[in-house]
Amino acid sequence: MKCSRAFTAKLSLLLILAAVSACAKQGYPSGGPKDKEPPKNVGCKPDNAMRNFDRHQFYIEFDEYVVLKDAENNVLVSPPLKYKAAYSTKGRGVQVKLKDTLQENTTYLFQFKGAIADYTEGNVLPTFEYVFSTGDAMDTMMLAGRVLSARNGKPWGGALSVSAYREEHCTTDTMGCSTQPDFVTRTDDSGYFAFHYIPAGRYRLVAFEDMDRNLRVGNAEAVAWNDMAYAAADSVDSTAMPLLLVSAPDKRRQRVLKSDFTARGVVSIVTVLPMQAPQLSGEDVQWRLNGRRDTMTVWCLDKQCDSTVLVISDSATGLGDTLRLRHRSRGKVRGFAQGSQRLQVVPLCDGTKAYYDDLRLSFRTPVVEVREGAAIEVMREKDSSIREYPVILDSSGIAARIEATLVSGEQYSVHLPDSLFVDMYGNYSDSLDFTMKPKDYGTLTLHIDNAVGRQLVVEVLDSRDTVVQHKQLIGSGTLQFIHLPAAEYRLRAVVDENADGCWTPADYRRQRQPEECIFFDKTLRLREKWEMEEKWRIVHNDRQ
């Protein structure tokens, strides 16, 4: 009997070990497709869309474990709560605890905008709404619209907060600066927004960046609004949605950013914004602006000048400053001692890159004289033929052009004789040789019927919406844009209300809308050697 019991015990142990071994060998299946689905809601406690809600918390359950992603900023509560709710995960769901006293007979909407993701793969649930009413009825009206950039008519490039104010609550034009909104939502990537579960009535809308999350329009925040009130409805009419145009305030103020001697007799002045019509007073100086118009180079007639007082102003941009400057020696002293310098001439068309099909030259210091009767020799390398052309000095004295007739695509050699130019210090230029190969460009002529009756700034934009050329136009007329490389272009007209020659963004506190931008209705495809003509009747946009 004892032997039989021992045998039975050993047999049982062997069977258990075999079973464990078999389980260990079997294991779990590996591989399989990666989970790309966001978590799915399987229920709420209390139920979603509950009436007579009198709880201090609610729970949203999902089909898998979830995590919260910046819930304080990614959960929108409408109407806004005075005290923010607390969000946490619990089991396979999200627990929301309310710290505020809820208003009576009010519908509350919690919008989870990317605030919930699954635990294992991080798949984000784009949006989820939990709604309840503290009364017997549920508000069911809605209001939808779109926010686009005032400058280019495209989505802003980031989510914007949108506030809705009951028309009867709008006591000031700038309620977005000081008044808590009645309802809030946020734009999507395409600029669309929608208010759901709001009462019937009419609402004013303000869209803004809300970088500090205080539901108020800040001084440096992009903003969009208008003076209209929109009625909530039980459905959305996509053909009549309100459109708000957003722009960022120009946070920069014109001032001198940097000023200093770059060498004895030479001063550089850099400003924050481009100068438009600058004036400079000082003892015996000449100056010029760079292409961006934000840097002024000043030459003192006294080549050994190491201190100066300059007064710079630009009424168009609000610039005004008195600069007291002194040259600080940095090692070896640089200067313009008599006879120690030769005038430096820089060809802007050497190598294979032409400069707008012109033979253009640039000077390091202003030129005051071109040798009388001097000519530039240009040799056509194809047949070694040589022709002489006159040189024309720019009025600024820092550039010149050679009036040569060239054939596109052919190689040329250019010879500048010695002592052709004399600068303000009496320095002569050396002889200079370079080669160039002119390229072809296109010309665009616009015949504009200005039906808006305001001064316009007409801009030619490339495929990246960069302004490549622009011209001002008062009334109707013809504008010609020359030297345009072969490419696709868009046209934009700025209604220049303040006549400052550039586009001006909105100022919410002054209730000044951004200057209107009007686009030509088609993209232009310009080719080399083309002369394209277009007619454009410019009328105001149909803004709702």
Side-chain angles (χ1 to χ4, degrees), residues 145-157 160 173-174 176-177 191 204-209 217-228 242-254 271-277 292-294 314-319 446 448-462 464-477 479 481 489-521 536-544:
R146 197 179 190 193
V147 183
L148 295 176
S149 168
R151 188 68 171 128
N152 58 26
K154 297 179 181 180
W156 181 247
L160 297 170
D173 290 330
T174 57
C177 294
R204 295 270 296 275
L205 302 174
V206 180
F208 56 103
E209 285 182 301
V217 178
N219 288 330
E221 293 176 343
V223 63
W225 82 101
N226 59 36
D227 299 328
M228 297 182 65
L243 173 64
L244 302 180
L245 299 176
V246 63
S247 65
D250 193 342
K251 305 167 192 174
R252 305 170 300 166
R253 294 293 180 263
Q254 180 67 310
T271 56
V272 173
L273 300 173
M275 292 172 268
Q276 295 187 26
R292 296 188 302 274
R293 303 183 69 83
D294 61 1
D314 184 13
S315 59
T317 62
L319 177 65
L446 298 178
I448 295 177
D449 177 7
N450 182 359
V452 301
R454 298 280 186 175
Q455 178 172 311
L456 301 174
V457 178
V458 181
E459 301 170 324
V460 179
L461 312 176
D462 64 14
R464 295 173 295 181
D465 281 343
T466 301
V467 179
V468 294
Q469 288 191 36
H470 69 279
K471 293 180 181 291
Q472 297 183 49
L473 179 65
I474 300 176
S476 300
L479 297 178
F481 298 91
Y489 296 100
R490 299 172 71 206
L491 301 177
R492 176 171 61 202
V494 175
V495 182
D496 192 11
E497 298 284 356
N498 58 7
D500 65 350
C502 61
W503 177 75
T504 304
D507 188 328
Y508 183 65
R509 281 162 174 74
R510 296 181 181 178
Q511 287 292 284
R512 185 193 69 209
Q513 290 286 344
E515 288 183 334
E516 185 179 7
C517 293
I518 304 167
F519 285 86
F520 192 50
D521 59 5
W536 188 9
R537 187 170 190 270
I538 298 178
V539 299
H540 286 293
N541 291 315
D542 182 18
R543 297 184 182 180
Q544 299 176 343

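Atom set for the values below is all heavy atoms of this structure, side chains included, hydrogens, waters and symmetry mates excluded. One is the number of the first residue; the rest follow in order along the sequence.
Nearest approach of A248 to P505, heavy atoms of both residues: O-CB, 3.3 Å. Here the shortest heavy-atom pairing between Y489 and D462 reads CD2-CA, 4.2 Å. When all heavy atoms of R490 and D465 are compared, the pair lying nearest together is NH1-OD1, 2.9 Å. Contact detail for W503 and P514: the closest heavy-atom pair is CZ2-CB, 3.9 Å. The minimum heavy-atom distance between A224 and V147, with the atom names listed, is CB-CG1, 4.3 Å.
Side-chain N or O atoms of R293 include one that pairs as donor or acceptor with a backbone N or O of Q276 at under 3.5 Å. Remark: side-chain polar atoms of N450 are not paired, donor with acceptor, to backbone N or O of S476 under 3.5 angstrom. Using modelled atom types, no side-chain atom of S247 and backbone atom of A150 make a donor-acceptor pair closer than 3.5 Å. Looking at Q455, its side chain never comes within 3.5 Å of a backbone N or O of D496 through a donor-acceptor pair. Of the possible polar contacts, none joining the R146 side chain to the L243 backbone as a donor-acceptor pair under 3.5 Å is found. Listed for the S149 side chain is no donor-acceptor partner under 3.5 Å among the backbone atoms of W156.
N541 and E516 form a side-chain donor-acceptor contact under 3.5 Å, judged by distance and modelled atom types alone.
Take Y508 and apply the ring-ring contact (aromatic ring centres under 6.0 Å, His included) test, not counting sequence neighbours, and it matches W225.
With contacts defined as side-chain heavy-atom distances shorter than 4.5 Å, the pair I518/V539 does not qualify. At a threshold of 4.5 Å between non-hydrogen side-chain atoms, the residues V457 and E459 count as touching. No side-chain heavy atom of D314 sits under 4.5 Å from any side-chain heavy atom of T271. When side chains are defined from C-beta on, H470 does not count as touching R492, because their heavy atoms never get closer than 4.5 Å. In this structure the side chain of P155 reaches within 4.5 angstrom of the side chain of L148, judged on heavy atoms. By the 4.5 Å heavy-atom criterion applied to side chains, L446 and F481 are counted as neighbours. At least one side-chain heavy atom of T174 sits less than 4.5 Å from a side-chain heavy atom of Q511. Considering only heavy atoms from C-beta on, F519 comes within 4.5 Å of L461 through its side chain.
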Fill in: CA sep, side-chain torsions, deciding dist, call: E209, L160, side-chain contact (heavy atoms from CB on, under 4.5 Å)
CA-CA 5 Å; E209 285 182 301; L160 297 170; 3.8 Å; yes
Worksheet item: Taking it one step at a time, do N219 and R509 satisfy side-chain contact (heavy atoms from CB on, under 4.5 Å)?
Response: CA-CA 8 Å; N219 288 330; R509 281 162 174 74; 2.9 Å; yes
Discussion item. Test side-chain contact (heavy atoms from CB on, under 4.5 Å) on N498 and E515; report intermediate values, then the result.
Written reply: CA-CA 9 Å; N498 58 7; E515 288 183 334; 2.9 Å; yes
Practice prompt. Decide yes or no on side-chain contact (heavy atoms from CB on, under 4.5 Å) for C517 and R151, but give the supporting numbers first.
Written response: CA-CA 6 Å; C517 293; R151 188 68 171 128; 3.8 Å; yes
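Separating the CG atom in L473 from the CG atom in L479 is a distance of 5.0 Å, to the nearest 0.5 Å. For the atom pair CZ (R204) and CE (M228), the distance works out to 10.5 Å, reported to the nearest 0.5 Å. Between I538 atom CD1 and L491 atom CG the span is 8.5 Å, to the nearest 0.5 Å.
Counting non-hydrogen atoms of other residues, nucleotides and ligands closer than 6.0 Å to CZ of R454 gives a total of 12 or fewer.
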